[in-house]
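Reading through the structure tokens given below for one structure.
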Protein chains: 2
Amino acid sequence: MPRPQDPVELVVLSVLAHEPLYGYAITKRIETRSSGELAVGPGVLYPLLKRLERDGLVAATWDAVRSDRAAEEPSPGRRRKWYRLTPKGQRRLHQHIGAHRARVRLIEAFIGPGPAAQEESA
Amino acid sequence: MPRPQDPVELVVLSVLAHEPLYGYAITKRIETRSSGELAVGPGVLYPLLKRLERDGLVAATWDAVRSDRAAEEPSPGRRRKWYRLTPKGQRRLHQHIGAHRARVRLIEAFIGPGPAAQEESA
DNA sequence: TCCAATATATCGGTTCCAGATATATCCGTC
DNA sequence: GACGGATATATCTGGAACCGATATATTGGA
């Protein structure tokens, strides 16, 4: 079988282009945006985010989300790491989009144009 | 940078769908068909063909191409391994095409539709 | 009180692409 | 006739990415 989901980096960058999100929210956002077709597990997402942060494509900020009853306790509470796109990440996203379009044109040179030109008239 | 060329298997199957070819001819065919954009080196092609043959997606036949002056000699002469698509390989190709179209739709759900709907009117 | 959902993170296996290397033959040129 | 470039097949090694499993801890509802 062909690899089902390859361009995870493009997808993650594109959802972060709209607004900052934390890791788990990125997962859920991708699921809803793709109507459940694309599921990015933690084993894929977190190494990817780590790499994106290392390369300066995203910037991250910790946010301590503590419940009301835990607000006074020494426990660190639930923590969220918010990721936002840097200008470098935006450029990378545009590179991705360009590469995607080029890839589509390339493949269509072999398999013929897809059913994209037809107007969706009811 | 995004991975430039991913769907090598799809491309190889698609060129074999038109006619049987031997390995080196596949390389050249892909280069001409893609206007030089896609180059599949031997380090990619031959392991791929081996896997495709093992999985029954292509069938191979050796062809001894001997020159006139070498026709009588014990030397094996130049050999070509012709690959042709099996029915299973044709089904796989259609799977690939379907998966490609689905992948394009999926990505467009994140980055918006590409410039495909516009007519190329001069 | 228990359990599912939330939230982050790592590890190992698999697959694939890419470049380098190896071997051998054919053909045009000098 | 010798040489080199194109033809032709093949392996190896490294790197990058995806995937599933696993681990830990918190939160909130039944």
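Residue numbers begin at 1 in each chain, while the letters A, B, ... track the order of the sequences.
Taking atom CD of B:E9 as the reference point, atom P of C:dT15 lies 12 Å away to the nearest angstrom. A:L45 has its CG atom 14 Å from the C1' atom of C:dT6, to the nearest Å. Distance CD (A:E53) to C1' (C:dA9): 13 Å, rounded to an integer number of Å. Atoms CG (B:L38) and P (C:dC16) sit 16 Å apart, rounded to a whole Å. Distance CZ (A:R80) to P (C:dA9): 14 Å, rounded to an integer number of Å. Nucleotide D:dA10 holds its C1' atom 14 Å from the CG atom of B:L48, rounded to whole Å. To the nearest angstrom, P of D:dA10 lies 15 Å from CZ of B:R54.
Proximity of A:K50 to the phosphate of C:dT10: a side-chain N or O atom is located under 4.0 Å from OP1 or OP2. Taking 4.0 angstrom as the limit, B:R79 places none of its side-chain polar atoms (N or O) nearer than this to OP1 or OP2 of D:dT7.
Side-chain contact between B:H100 and A:I111 is present, with heavy atoms from C-beta onward closer than 4.5 Å. In this structure, A:H96 and A:R101 have side chains that are not in contact, with every pair of non-hydrogen atoms separated by 4.5 Å or more. Using a 4.5 Å heavy-atom cutoff, the side chains of B:T27 and B:P42 are not in contact.
Checked against D:dT7, D:dC18, C:dT8, the side chain of A:K81 finds its nearest nucleotide in C:dT8. When each of C:dC16, D:dA10, C:dA18 is scored by its nearest atom to the side-chain atoms of B:Y46, the top-ranked nucleotide is D:dA10.
Heavy-atom contacts from other residues, nucleotides or ligands closer than 6.0 Å to CZ of B:R84 number 12 or fewer.
Judged as a ring pair (Phe, Tyr, Trp, His ring centres under 6.0 Å), and not counting sequence neighbours, B:F110 has no contacts. Partners of B:A60 by side-chain contact (heavy atoms from CB on, under 4.5 Å), not counting sequence neighbours, listed by chain and number: B:E53, B:K81, B:Y83. For B:R29, the salt bridge (charged side-chain N to carboxylate O under 4.0 Å, His left out) partners are B:E19, not counting sequence neighbours. Applying the salt bridge (charged side-chain N to carboxylate O under 4.0 Å, His left out) criterion to A:R105, with sequence neighbours excluded, gives no partner residue.
Of all the residues in residues 14-31 of chain B, not one reaches under 4.0 Å from DNA chain C with any non-hydrogen atom.
Comparing the helix axis at one end of the helix from C:dT1-D:dA30 to C:dC30-D:dG1 with that at the other, each defined from 5 consecutive pairs, gives an inter-axis angle of 10° (nearest 10°).
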Show the numbers, then the answer: is there a side-chain contact (heavy atoms from CB on, under 4.5 Å) between A:R92 and A:L13? CA-CA 8 Å; A:R92 171 70 128 269; A:L13 292 177; 3.7 Å; yes
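If you find the closest nucleotide of DNA chain D to B:P42 and to A:P47, the one lying nearer the 5' end belongs to B:P42.
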